[in-house]
Amino acid sequence: MQVNISRKVFNPHFLPLLEDEHFVLLLLGGASSGKSYFSFQRAVYRCLLDKRKYIILRKHAVDVRRSCFEDVKTILAKWNLTPHVVINTSLMTITYPNGSVMLFSGCDDVEKLKSIPNITDAIFEEASEFSPEDFEQLKIRLRGKGRLKNQIVLQSNPISKANWLYLHFFDKGCLEEDCLIDRSTYKDNPFCNEETIRALERYKDTNPAYYTIYCLGEFGSLSRLVYTNWRTEELDTTELLEQGYQLCVGLDWGYTADATAIAVMLADEENKKLYVINEFYQTGMLNDAIANQIKYMGLSKSTIIADSAEPKSIDELKRNGIRRVKPSTKGQGSINAGIAKLQEFEIIVDAHCENFITELQNYSYKKDKATGEYVNEPEDRFNHLMDAARYGIQCLTAKHQLKTLPKYTL
């Protein structure tokens with residue numbers, strides 16, 4: 001099959017890598033640099049050029065279907081190749097006329113990957129999520145034969161100096177003998193839209209550590225506190241409600257040790273300000289009492305996004321007259337995605353919301369004991385209203401009925 005692919009479809013920054021044959025190719029950089037999309041374009045190109053057997057990986061299988069698999073199908077459609085390949089949606093495989101095959105898989109159980117013979121190429125999407133053991137296992141599995149050399153492509157944001165990518169490729173020099181490292185940011189991507197650029201550059205004011213990682217594409221050190229983009233103020237709630245801002249209400253369940261938490265917020269999306277105007281925080285609350293509290297707060301007719309971990313409790317609230325309560329979207333990475341969304345805003349907290357302020361003052365990232373660096377995973381403490389705020393912000397999307405939440409662009 002003769003296929004002509006214009007060089008214009010590729011990000012110019014990455015074109016020199018199209019024919020690269022280093023055994024390990026590390027594409028590292030900020031968000032929206034186009035590194036992931038290019039690596040999938042490149043994989044399709046190599047499958048057309050030579051008989052290859054690709055395995056395209058995310059750490060968790062649920063993520064690979066909604067990201068990598070969909071991206072490759074989009075590329076095939078744009079290049080008018082869909083009629084010429086066989087796409088098995090249930091097995092997540094794509095077979096080319098020349099015998100090339102793409103397999104899409106999670107790395108939840110690395111033992112399963114050992115049974116796949118004759119792999120020529122592997123792509124680790126969001127490589128920071130994997131372990132060094134995952135990487136080493138795949139290195140020894142690349143035994144397929146072809147005209148092109150076998151290759152592993154890793155692509156990732158430079159999350160933290162505590163992450164294995166930094167330790168393996170940068171801490172004491174690159175530990176791979178045959179390796180090329182490419183660095184990129186959104187400035188290297190001519191296809192990046194203005195809205196995405198504004199969202200990234202906003203981190204300069206709301207989260208300097210994220211700005212370093214996701215905007216500048218450099219390894220950064222997270223601060224101890226998850227949120228630094230907030231302040232307190234004596235808010236005039238009546239005046240704010242008159243502005244027509246989006247009401248966002250989130251509910252986190254609790255009972256004996258953990259408090260039931262309700263966060264009531266108004267989102268000014270245009271100016272990226274989030275006003276926390278009310279809260280509820282109490283242990284020992286049964287569901288009928290929670291329903292009565294919601295009515296007392298004047299929220300019985302408002303959309304409320306509740307923790308989806310308790311569908312029975314959501315149903316009980318509905319039976320008690322809280323008709324517009326909806327389950328939160330959850331999935332692998334949804335906590336960090338929600339945090340990233342909240343970090344886009346300047347958060348202004350009414351001074352009377354003392355529990356919300358206390359949690360903001362104490363909600364922290366975990367520290368890696370070996371390196372002393374904070375890692376991109378929050379502690380499971382001081383997080384009841386923080387979780388409620390993450391759920392509530394989902395009122396800003398029309399897709400909160402989904403059962404899973406895709407990884408944020410960053």
Side-chain angles (χ1 to χ4, degrees), residues 230 233-255 258-330 334 337-338 341-342 344-357 359 383-405:
W230 65 279
E233 190 176 308
E234 295 283 349
L235 296 176
D236 186 334
T237 303
T238 302
E239 182 179 335
L240 287 172
L241 289 168
E242 291 174 353
Q243 299 302 313
Y245 299 144
Q246 173 68 53
L247 179 66
C248 300
V249 183
L251 167 61
D252 187 46
W253 308 105
Y255 187 60
D258 298 330
T260 296
I262 302 174
V264 185
M265 304 166 291
L266 293 171
D268 176 1
E269 288 196 89
E270 182 178 353
N271 297 302
K272 287 297 176 182
K273 291 186 177 182
L274 185 70
Y275 299 93
V276 181
I277 60 172
N278 203 0
E279 66 171 29
F280 177 76
Y281 190 88
Q282 188 171 314
T283 57
M285 296 287 289
L286 296 171
N287 289 330
D288 58 346
I290 294 172
N292 289 334
Q293 179 63 33
I294 291 170
K295 294 172 185 176
Y296 175 77
M297 296 172 76
L299 300 170
S300 59
K301 296 182 180 180
S302 302
T303 297
I304 299 171
I305 310 298
D307 184 356
S308 58
E310 295 194 21
K312 183 178 178 181
S313 294
I314 291 174
D315 288 343
E316 287 183 7
L317 285 191
K318 289 181 178 180
R319 285 196 295 272
N320 278 279
I322 312 302
R323 303 294 183 189
R324 299 187 66 187
V325 60
K326 300 177 182 293
S328 63
T329 57
K330 280 191 172 184
S334 62
K341 185 67 177 177
L342 285 168
E344 291 182 15
F345 291 82
E346 178 186 6
I347 302 173
I348 302 104
V349 188
D350 191 282
H352 90 276
C353 296
E354 296 179 357
N355 294 293
F356 203 100
I357 293 168
E359 291 200 359
N383 58 348
H384 305 304
L385 282 162
M386 299 299 95
D387 287 348
R390 282 195 298 105
Y391 305 145
I393 205 73
Q394 292 176 17
C395 288
L396 299 180
T397 173
K399 296 181 179 180
H400 47 60
Q401 73 273 16
L402 298 177
K403 298 304 180 187
T404 56
L405 181 68

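Just so you know, these numbers come straight off a predicted model, no measurement behind them.
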What do the steps show when you test Glu269 against Leu396 for side-chain contact (heavy atoms from CB on, under 4.5 Å), and what is the final call?
CA-CA 9 Å; Glu269 288 196 89; Leu396 299 180; 3.8 Å; yes

Are Asp288 and Glu316 packed together at the side-chain level, in the sense that at least one heavy-atom pair is separated by less than 4.5 angstrom?
no

Nearest-0.5 Å distance, CG of residue Asn320 to OG of residue Ser300:
12.0 Å

Show, in sequence, the C-alpha distance, side-chain angles and deciding distance for Ile314 and Ile322, and conclude whether the side-chain contact (heavy atoms from CB on, under 4.5 Å) test is met.
CA-CA 9 Å; Ile314 291 174; Ile322 312 302; over 6 Å; no

Grab the two heavy atoms, one from Ser302 and one from Gly298, that are nearest each other, plus how far apart they are.
OG-O, 4.3 Å

My understanding is that only residues two or more places apart in sequence, or in another chain, count here; which of them pass salt bridge (Lys or Arg N to Asp or Glu O under 4.0 Å) with Asp387?
Arg390

Only counting residues at least two apart or in another chain, list the ones meeting side chain to side chain donor-acceptor pair (under 3.5 Å) with Glu233.
Arg231

Filter on salt bridge (Lys or Arg N to Asp or Glu O under 4.0 Å), then keep only pairs touching residues 290-308, sequence neighbours left out; what's left?
Asp307-Lys330

Exercise: identify the closest heavy-atom pair between Trp253 and Ala306:
CZ2-CB, 3.8 Å

Dump the intermediate steps for side-chain contact (heavy atoms from CB on, under 4.5 Å) on Phe280 and Ile290, then the final yes or no.
CA-CA 10 Å; Phe280 177 76; Ile290 294 172; 5.8 Å; no

Angle class for the Tyr275/Tyr245 ring planes (parallel below 30°, perpendicular above 60°, tilted otherwise)?
parallel

Within a radius of less than 6.0 Å around CD of Gln243, do more than 12 heavy atoms belonging to other residues, nucleotides or ligands occur?
yes

What's the verdict on side-chain contact (heavy atoms from CB on, under 4.5 Å) for Val276 and Trp230, showing C-alpha distance, side-chain angles and the deciding distance?
CA-CA 10 Å; Val276 181; Trp230 65 279; over 6 Å; no

Let me confirm one number: the CG-CG distance from Leu317 to Asn287, rounded to the nearest 0.5 Å.
5.5 Å

Are any side-chain N or O atoms of Thr303 and backbone N or O atoms of Arg324, one a donor and one an acceptor, separated by less than 3.5 Å?
no

Check Glu359 against Leu385 and note the closest heavy-atom contact, atom names and distance.
OE1-N, 2.9 Å

Please report the closest heavy-atom contact between Ala263 and Phe356, naming both atoms and the distance.
CB-CE1, 4.1 Å

To the nearest 0.5 Å, what is the distance between CG (Asp258) and NE2 (His384)?
4.0 Å

Kindly compute the distance separating OG1 (Thr260) from CG (Asp252), expressed to the nearest 0.5 Å.
8.0 Å

Mind checking the CD1-SG spacing from Ile305 to Cys248? Nearest 0.5 Å is all I need.
8.5 Å

From CD (Glu234) to CG (Asp350), nearest 0.5 Å
6.0 Å

Please say whether more than 12 non-hydrogen atoms of neighbouring residues, nucleotides or ligands are located less than 6.0 Å from CD in Glu354.
no

State, to 0.1 Å, how close Ala267 and Phe345 come at their nearest heavy-atom pair, and which atoms those are.
CB-CE2, 4.5 Å

Compare every heavy atom of Thr329 with every heavy atom of Gln394, then report the nearest pair and how far apart it is.
OE1-N, 2.8 Å

What I'd like to find out is whether the side chain of Leu274 reaches to under 4.5 Å of the side chain of Leu266, using heavy atoms alone.
no

